[in-house]
Amino acid sequence: MRYWLIKSEPDAYSIDDLARDKTTPWTGVRNYQARNFMRDQMKPGDQAFFYHSNCDEPAIVGIAEVSKAAYPDATQFDRNSKYFDDKATTDNPRWLHVDFRFVRKTPPLTLTELRRHKALAKMRLLAKGNRLSITPVDPAEWQYIIGLLK
DNA sequence: GCCAACGTTGGC
DNA sequence: GCCAACGTTGGC
C-alpha cells in the first residue's frame, strides 16, 4: 500500500465536492509523471492527502482512497473537452486515471504549517518549483502528518 | 497580477 | 539531440 498527495484547485474540484460525490474519476491529468504514478503504482486501497492548490489558503484538507485502478481517460477522446488530445486513440490511449473515494475531511493543514516541520522537509510538495499534481508521500511522512491532524 | 520554475513542442 | 519559444502551474 502506498501513500500519495493529490492536488486540486478548490474552484475546480474541492474536498466538499468529493464528500458529496463519494467517488470521482480523477480525469484531466496531462502530465506524464503523474500519469505514470497512477498507471504503474496506484492500487485500490492506496491513501492520499487531498490538497487545495492555487487558492487563498493552500492546504491539506482531507483524505481520499484509490477505489479503482487506472483506466483510459474518456476526456481525451471528447472533442468538446478542454482535455481533448488529438494524438490519443482508443487503441492507444495516452492518458489514464484512477478513481478516488472520499475518506474524510481534515482540519486544514496549510502549506505554511507544513513548511515548519523538519520531518517533512523532503516532501516533494515542498520542493522549490514543484508543480506535479500527484506526488508520492513516504510512509513516515504520512504518519507524521496524520499525527498533526489529530 | 506577477513571476519563477517547469514541461512540452518543434525547428534545426 | 539540442535548445529556444511557448504554455502552464501555483505561491505570493
Side-chain angles (χ1 to χ4, degrees), chain A residues 2-21 23-42 46-66 69-138 140-142 144-149:
Chain A
R2 287 186 162 93
Y3 299 102
W4 307 92
L5 182 141
I6 57 174
K7 294 184 191 173
S8 188
E9 300 188 14
D11 289 348
Y13 196 82
S14 71
I15 189 69
D16 289 322
D17 292 326
L18 183 60
R20 177 198 63 215
D21 295 343
T23 73
T24 197
W26 208 246
T27 54
V29 172
R30 294 295 181 268
N31 170 283
Y32 291 107
Q33 261 186 285
R35 179 204 65 182
N36 293 348
F37 284 140
M38 289 196 284
R39 186 190 61 190
D40 303 335
Q41 297 191 33
M42 279 193 191
D46 282 11
Q47 303 282 113
F49 291 125
F50 194 106
Y51 176 88
H52 281 171
S53 66
N54 200 14
C55 56
D56 286 349
E57 191 184 70
I60 289 171
V61 292
I63 294 175
E65 178 180 306
V66 176
Y71 60 102
D73 184 335
T75 64
Q76 70 194 305
F77 307 123
D78 177 2
R79 286 195 171 273
N80 297 318
S81 169
K82 71 172 188 172
Y83 298 114
F84 176 71
D85 184 340
D86 64 3
K87 297 203 180 66
T89 63
T90 44
D91 282 348
N92 191 15
R94 191 184 264 207
W95 305 109
L96 298 92
H97 65 87
V98 300
D99 288 356
F100 282 105
R101 173 193 302 130
F102 177 74
V103 175
R104 65 183 172 99
K105 289 180 70 168
T106 66
L109 182 54
T110 64
L111 182 59
T112 310
E113 175 67 16
L114 289 166
R115 288 195 194 285
R116 291 185 53 244
H117 295 270
K118 259 214 178 94
L120 305 176
K122 294 214 176 83
M123 281 187 82
R124 185 82 179 259
L125 174 73
L126 306 181
K128 190 178 175 183
N130 170 61
R131 301 187 313 166
L132 200 51
S133 65
I134 297 175
T135 50
V137 174
D138 284 351
E141 293 167 345
W142 178 274
Y144 186 90
I145 292 171
I146 292 291
L148 295 178
L149 292 171

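Here is how names work: the chains are called A, B, and so on, in the same order as the sequence lines, proteins then strands, and each is numbered from 1. Just so you know, these numbers use all the heavy atoms, side chains as well, and skip hydrogens, waters and symmetry mates. Treat the numbers as computed from the prediction; the structure is a model and nothing was measured.
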* Choosing from dC12(C), dA5(B), dT8(B), which nucleotide comes nearest the side chain of Tyr32(A)? -> dT8(B)
* Structure fact -> Comparing nearest nucleotides in DNA chain B, the 5'-proximal residue of the pair Asn130(A), Arg94(A) is Asn130(A)
* **Given dG10(C), dG11(C), dT8(B), the nucleotide with the shortest approach to the side chain of Glu9(A)** => dG10(C)
* To do: Taking the side chain as every heavy atom from C-beta outward, state whether Leu96(A) and Arg35(A) have any atom pair closer than 4.5 Å.
  => yes
* To do: Run the numbers on Trp95(A) and Tyr32(A) for ring-ring contact (aromatic ring centres under 6.0 Å, His included), then give the verdict.
  => CA-CA 8 Å; Trp95(A) 305 109; Tyr32(A) 291 107; 4.8 Å; yes
* Structure fact -> Asn54(A) CG to dG1(B) P, in whole Å, measures 13 Å
* Between dG7(C) atom P and Arg30(A) atom CZ, what is the distance in whole Å? -> 19 Å
* dG10(C) P sits how many Å from Tyr51(A) OH, rounded? -> 8 Å
* In whole angstroms, how far is the P atom of dT9(B) from the CG atom of Asn31(A)? -> 11 Å
* Structure fact -> Rounded to whole Å, CD of Gln33(A) lies from C1' of dT8(B) at a distance of 13 Å
* Would you kindly give the CZ-to-C1' distance between Arg131(A) and dA5(B), to the nearest whole Å? => 6 Å
* Asked: Would you call the rings of His117(A) and Tyr144(A) parallel, tilted or perpendicular if under 30° counts as parallel and over 60° as perpendicular?
  -> perpendicular
* Mind running salt bridge (Lys or Arg N to Asp or Glu O under 4.0 Å) on Arg94(A) and Asp73(A) for me, showing each step along the way? => CA-CA 8 Å; Arg94(A) 191 184 264 207; Asp73(A) 184 335; over 6 Å; no
* Should Lys7(A) be listed as having a side-chain N or O under 4.0 Å from OP1 or OP2 of dG10(C)? -> yes
* Could you give the CG-to-C1' distance, from Asp56(A) to dC12(C), as a whole number of Å? -> 11 Å
* To do: Specify the separation, in whole Å, of atom CG of Leu132(A) and atom P of dG10(C).
  => 9 Å
